[in-house]
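Structure, as structure tokens:
Residue numbering restarts at 1 for every chain, and letters A, B, ... go by the order of the sequence lines. Values below: all heavy atoms of this structure, side chains included; hydrogens, waters and symmetry mates excluded.
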Protein chains: 2
Amino acid sequence: MATQPRQKPDGTSSDYALDDQIGFILRKVSQRHTTIFAAAFPDLTAPQWATLAKLYEGGPSSQNQLGRLVALDAATIKGVVDRLGARGLTVTTPDPADARRVVVALTEAGRKEAERGFPIAAAVTAETLGALSAEERVQLVQLLKALE
Amino acid sequence: MATQPRQKPDGTSSDYALDDQIGFILRKVSQRHTTIFAAAFPDLTAPQWATLAKLYEGGPSSQNQLGRLVALDAATIKGVVDRLGARGLTVTTPDPADARRVVVALTEAGRKEAERGFPIAAAVTAETLGALSAEERVQLVQLLKALE
DNA sequence: CCGAATTCATTTGTATGCAAATAATTGTCC
DNA sequence: GGACAATTATTTGCATACAAATGAATTCGG
């Protein structure tokens, strides 16, 4: 059962269909994930959570280095750290060994928030992948990681 | 070769690793796609291209309906349409049949830009999926579509 | 037919994301 | 040791995203 190429207004045909493009699909799946995440974490965005989780996993880090760990550029990680700091979840101190750097660390409240969040974040992942079997989930993650 | 559960600072262990979470991976893959897209389309963002492509595929549409087709909410599609209109790629007219609606359509320049873009957009998809075999690409799209 | 619910478009506010420019500091290399 | 390159953090500007509120128009149910 072969699929027919789309018929364009000018009569020519093409195989391009927006709904089948990886970029468009990625955006829609990301949107659904964002919705699920927001319902589970009313007071935290996904990048904010990623920052907390990475600080918990890896300990204090310079701001730019932290940004690289969570895939946020220098301008974006600054905003995220500022907002986490304003809420008392992180603290920022100058690096004694390098005057250019500021070191970002979790506060006690930040550690508690991270520990509270881990099971919730795991549930967000599970719900996002809810339509897939265990094997399919592994497959999907494997395929996506090849595209990172 | 079993993987060890991550060791947390407090000594307890957990299976949660940010780098393995679907949301985090999706964001990173989307970022890479955005980079590839921007290099191929210096003057168009992916949502702007999606809007052009959908208008070309489906013809004129009310603004909100168009937003649903390209997965942009009412506030976002408005900005996209405004910017496309400012560049002469789309035109906006009131709907005679429904005074609430505005109809968005491609201009001749918009049609030409869409036709010019199709092969480029196909190349962006191909480059994004470059690390995967043909079967893997089909698999990935299939798995992602199950999550939409 | 009429009041209520819905839809449509707009606006405001907040939060990413990214490019580009800048200033301060550190590292490198001859 | 000193010019020069690279790194770090910041700032500005633009473009998504999304929640929430608003006002106008249409649809629906009784």
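With respect to the salt-bridge test (charged N to carboxylate O, under 4.0 angstrom), the residues B/K78 and B/D73 do not qualify.
Relative to the side chain of B/R83, the nucleotides D/dA15, C/dA19, C/dA9 differ in distance, and D/dA15 lies closest. In the set C/dT26, D/dT11, C/dT10, C/dT26 carries the atom at the smallest distance from any side-chain atom of A/A99. The side chain of A/Q31 lies closest to D/dC18, out of D/dC18, C/dT26, D/dA25. Listed candidates were C/dT16, D/dA15, D/dT8. Nearest to the side chain of A/Q48 is C/dT16. Of the candidates D/dA17, C/dT26, C/dT7, C/dT7 carries the atom nearest the B/R100 side chain, counting heavy atoms from C-beta on. The side chain of A/N64 approaches D/dA9 more closely than any other nucleotide in the set D/dT16, D/dA9, C/dT25. Of all nucleotides listed (D/dA17, C/dA9, D/dC18), D/dC18 comes nearest to the side chain of B/A75. If you check C/dC18, C/dT16, D/dA17 against the side chain of B/L72, the one that comes closest is D/dA17.
Within the nucleic acid shown, B/T45 comes within 4.0 Å of sugar-phosphate atoms alone, with no base atom in reach, counting heavy atoms only. Using a 4.0 Å heavy-atom criterion, one finds that B/T35 contacts no nucleic acid atom at all. Looking at heavy-atom distances under 4.0 Å, B/D73 makes contact with a base.
Put simply, CD1 on B/I77 is 16 Å from P on C/dT11, counting in whole angstrom units. Atom CG of B/D82 and atom C1' of C/dT11 are 12 Å apart (whole Å). Taking atom CG on A/L26 and atom P on D/dA17, their separation rounds to 12 Å, with Å as the unit. Here C/dT7 presents its C1' atom at 13 Å from CG of B/D95, a figure rounded to the nearest Å. Following rounding to the nearest Å, A/H33 (NE2) and C/dT16 (P) show an atom-to-atom distance of 14 Å. Remark: P of D/dC18 and CZ of A/R32 are 14 Å apart, rounded to the nearest angstrom. Remark: C1' of C/dC18 and CG of B/D43 are 16 Å apart, rounded to the nearest angstrom. Separating the CZ atom of B/F41 from the P atom of C/dC18 is a distance of 18 Å, rounded to the nearest angstrom.
Using modelled atom types, one finds no donor on one side chain facing an acceptor on the other under 3.5 Å when comparing B/Y16 with A/E57.
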Exercise. What's the verdict on salt bridge (charged side-chain N to carboxylate O under 4.0 Å, His left out) for B/K112 and B/E108, showing C-alpha distance, side-chain angles and the deciding distance?
Worked result: CA-CA 6 Å; B/K112 287 205 166 100; B/E108 183 52 32; 3.7 Å; yes
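Within the model, atoms NZ of A/K28 and CD1 of A/I25 stand 7.0 Å from one another, a figure rounded to the nearest 0.5 Å.
Comparing A/R27 and A/R101, the nucleotide of DNA chain D nearest to each residue sits closer to the 5' end for A/R101. Map B/A97 and A/R68 each onto its nearest nucleotide of DNA chain D; the residue landing nearer the 5' end is A/R68. Comparing A/D98 and B/K78 by the nucleotide of DNA chain C that holds the closest heavy atom to each, the one mapping nearer the 5' end is B/K78.
Here A/Q65 does not reach the OP1 or OP2 of D/dT7: none of its side-chain N or O atoms lies under 4.0 Å away.
Aromatic pair B/W49/B/F118: centroids less than 6.0 angstrom apart.
In the displayed structure, B/K145 atom NZ is contacted under 6.0 Å by more than 12 heavy atoms of other residues, nucleotides or ligands.
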